[in-house]
Amino acid sequence: MIDLGPHAVFIIAAYSGVTLVVAALIGWTLLDARRIAGKTTALEARGIRRRSAK
Amino acid sequence: MTITAAPKPNLWTRLAHPGQFVALTRTWLWPLTIITVAVFGIGLWFALFNSPQDYQMGDTVRIMYIHVPTAWLSQFVYGVMTVSALGTLVWRHPMADVSMKAAAPLGAAFTALALFTGSLWGRPTWGTFWEWDGRMTSTLVLLLIYLGIVALWRAFDEPLRAARVVAVFTLVGAINIPIVKFSVDWWSTLHQPASVFTTSGPHMPPSILTPLLVMAIAFTLLFLTLHLKAMHTEIARRRLMALERQAAQAGAAA
């Protein structure tokens with residue numbers, strides 16, 4: 001890493017904050033998708049189908 | 001006219017069917033993800049290892065490489081939502097409100113990041129984390145509008161009923177975008193005027209412009225990837241709601 005100068009703490013805080021929020025966005029997007037897929041699979045396992053699929 | 005002679009629906013019409021939309025765009029997710037990671041890698045290398053200090057800001061210019069892209073995105077995402085709102089109200093395209101709903105939390109996050117990184121840049125540069133000037137205040141208003149839109153979606157049980165109300169709210173809130181953009185020209189603001197997209201071209205050297213533009217492309221690709229995935233999830237969520245309704249009806253009939 002290059003020397004970030006006298007205000008390094010602000011630079012590190014900014015990049016850390018962005019990394020955390022982006023990681024949370026990605027995690028939430030994937031978890032949400034997984035949760036919905038899991039609930040759908042559970043319902044389909046009970047034999048529930050869309051009317052168009054019957 | 002026979003079934004074999006019937007005109008083939010165009011791409012826009014095929015994308016209107018949720019199942020077709022997911023089937024057509026599912027294959028885009030992994031390539032988009034790989035390209036996003038690669039561009040972020042290049043952008044971060046430029047931003048942290050291969051760009052000079054600014055002659056005035058010193059190393060704090062490196063905060064610009066994440067602040068400016070997130071600020072641009074905060075407006076770009078609202079632009080996507082505005083076009084989607086028009087798609088909902090004017091063309092009644094079925095994917096338009098899915099796009100609106102998926103984009104809102106992402107736009108809110110990028111706006112919050114723009115304010116956060118801007119504050120961290122402002123403290124060493126201007127001596128203050130915050131001022132109630134035109135740009136910062138209008139961006140805060142933009143964040144509140146985004147959060148209001150997210151809350152409005154959640155206020156309705158039925159997404160299709162929410163869609164038209166949220167679309168109208170989104171179009172009304174769109175007036176804030178030119179205010180954010182032109183605030184630095186209209187008012188005497190602490191925030192500096194535009195230095196990239198000006199009538200006389202960018203006012204910064206290539207060594208600073210390159211990491212800025214690469215990071216902007218990286219963040220835009222990130223939004224597009226997450227937006228597409230979130231749209232797929234929203235379509236799956238509505239299908240799940242239909243299944244749950246059927247299960248409830250089947251349970252009531254039994």
Side-chain angles (χ1 to χ4, degrees), chain A, chain B residues 19 33 40 44 47-53 57-67 69-70 102 105-106 109-110 112-113 116-125 219 222-223 225-230 232-251:
Chain A
M1 182 74 68
I2 49 173
D3 178 25
L4 292 174
H7 304 296
V9 66
F10 294 98
I11 301 168
I12 293 167
Y15 276 81
S16 302
V18 169
T19 304
L20 271 169
V21 171
V22 167
L25 271 180
I26 294 168
W28 169 73
T29 303
L30 295 176
L31 276 171
D32 196 30
R34 210 165 280 187
R35 188 177 58 88
I36 299 294
K39 283 187 176 182
T40 307
T41 307
L43 272 178
E44 286 175 341
R46 284 168 47 193
I48 309 294
R49 292 280 183 274
R50 291 287 295 276
R51 282 170 299 185
S52 55
K54 286 183 182 156
Chain B
T33 304
F40 260 115
L44 286 169
L48 296 172
F49 298 98
N50 195 36
S51 58
Q53 295 181 351
M57 291 187 238
D59 281 293
T60 57
V61 71
R62 304 185 196 286
I63 299 178
M64 287 293 103
Y65 304 140
I66 47 176
H67 168 69
T70 51
L106 301 175
F110 288 124
L113 281 176
F116 171 69
T117 52
S119 291
L120 288 174
W121 182 85
R123 183 68 177 98
T125 311
F219 273 101
L222 175 69
F223 162 69
T225 311
L226 291 176
H227 186 225
L228 187 59
K229 182 66 180 170
H232 290 178
T233 305
E234 180 59 26
I235 290 166
R237 193 191 329 272
R238 294 183 187 191
R239 183 166 173 267
L240 174 65
M241 287 170 67
L243 288 176
E244 284 175 341
R245 216 171 292 130
Q246 265 187 259
Q249 285 167 357

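The sequence lines fix the lettering, A, B, ..., with proteins before strands; numbering per chain opens at 1.
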Could you look at [X] and say if it's the side chain, the backbone, both or neither that has a heavy atom under 4.5 Å from chain A?
{"X": "B:R245", "result": "neither"}
{"X": "B:E234", "result": "neither"}
{"X": "B:L113", "result": "side chain"}

Output, in order, the C-alpha distance, side-chain angles, deciding distance and verdict of side-chain contact (heavy atoms from CB on, under 4.5 Å) for A:V18 and B:F219.
-> CA-CA 11 Å; A:V18 169; B:F219 273 101; 3.8 Å; yes
Looking at A:A33 and B:T233, what are the two nearest heavy atoms and their distance?
-> CB-OG1, 3.3 Å
Any idea which heavy atoms bring B:D59 and A:G5 closest together, and the distance?
-> OD2-N, 3.5 Å
Keeping the roles fixed (side chain from A:Y15, backbone from B:R62), state whether a donor-acceptor pair exists under 3.5 Å.
-> yes
Sort [X] into side chain, backbone, both or neither according to what part of it lies under 4.5 angstrom from a heavy atom of chain B.
{"X": "A:R34", "result": "neither"}
{"X": "A:L43", "result": "side chain"}
{"X": "A:V21", "result": "side chain"}

Any idea which of B:L44, B:L226, B:T225, B:L243 has the most non-hydrogen atom pairs under 4.5 angstrom with chain A?
-> B:L243
Picking from B:T60, B:L120, B:T70, which has the most non-hydrogen pairs under 4.5 angstrom with chain A?
-> B:L120
Could you give the distance from [atom1] ([X]) to [atom2] ([Y]), rounded to the nearest 0.5 Å?
{"X": "B:L106", "Y": "A:W28", "atom1": "CG", "atom2": "CH2", "result": "6.5 Å"}
{"X": "B:L228", "Y": "A:T29", "atom1": "CG", "atom2": "OG1", "result": "11.0 Å"}
{"X": "A:K39", "Y": "B:R239", "atom1": "NZ", "atom2": "CZ", "result": "15.0 Å"}
{"X": "A:I36", "Y": "B:M241", "atom1": "CD1", "atom2": "CE", "result": "9.5 Å"}
{"X": "B:L222", "Y": "A:I26", "atom1": "CG", "atom2": "CD1", "result": "5.5 Å"}
{"X": "B:Y65", "Y": "A:I11", "atom1": "OH", "atom2": "CD1", "result": "10.5 Å"}

Do you know which of A:A13, A:A8, A:P6 has the most heavy-atom pairs with chain B at a distance under 4.5 angstrom?
-> A:A13
In terms of heavy-atom pairs under 4.5 Å, which option from A:V9, A:L30, A:T40 contacts chain B the most?
-> A:T40
Determine, stepwise, if the pair A:D32 / B:K229 fulfils salt bridge (charged side-chain N to carboxylate O under 4.0 Å, His left out).
-> CA-CA 10 Å; A:D32 196 30; B:K229 182 66 180 170; over 6 Å; no
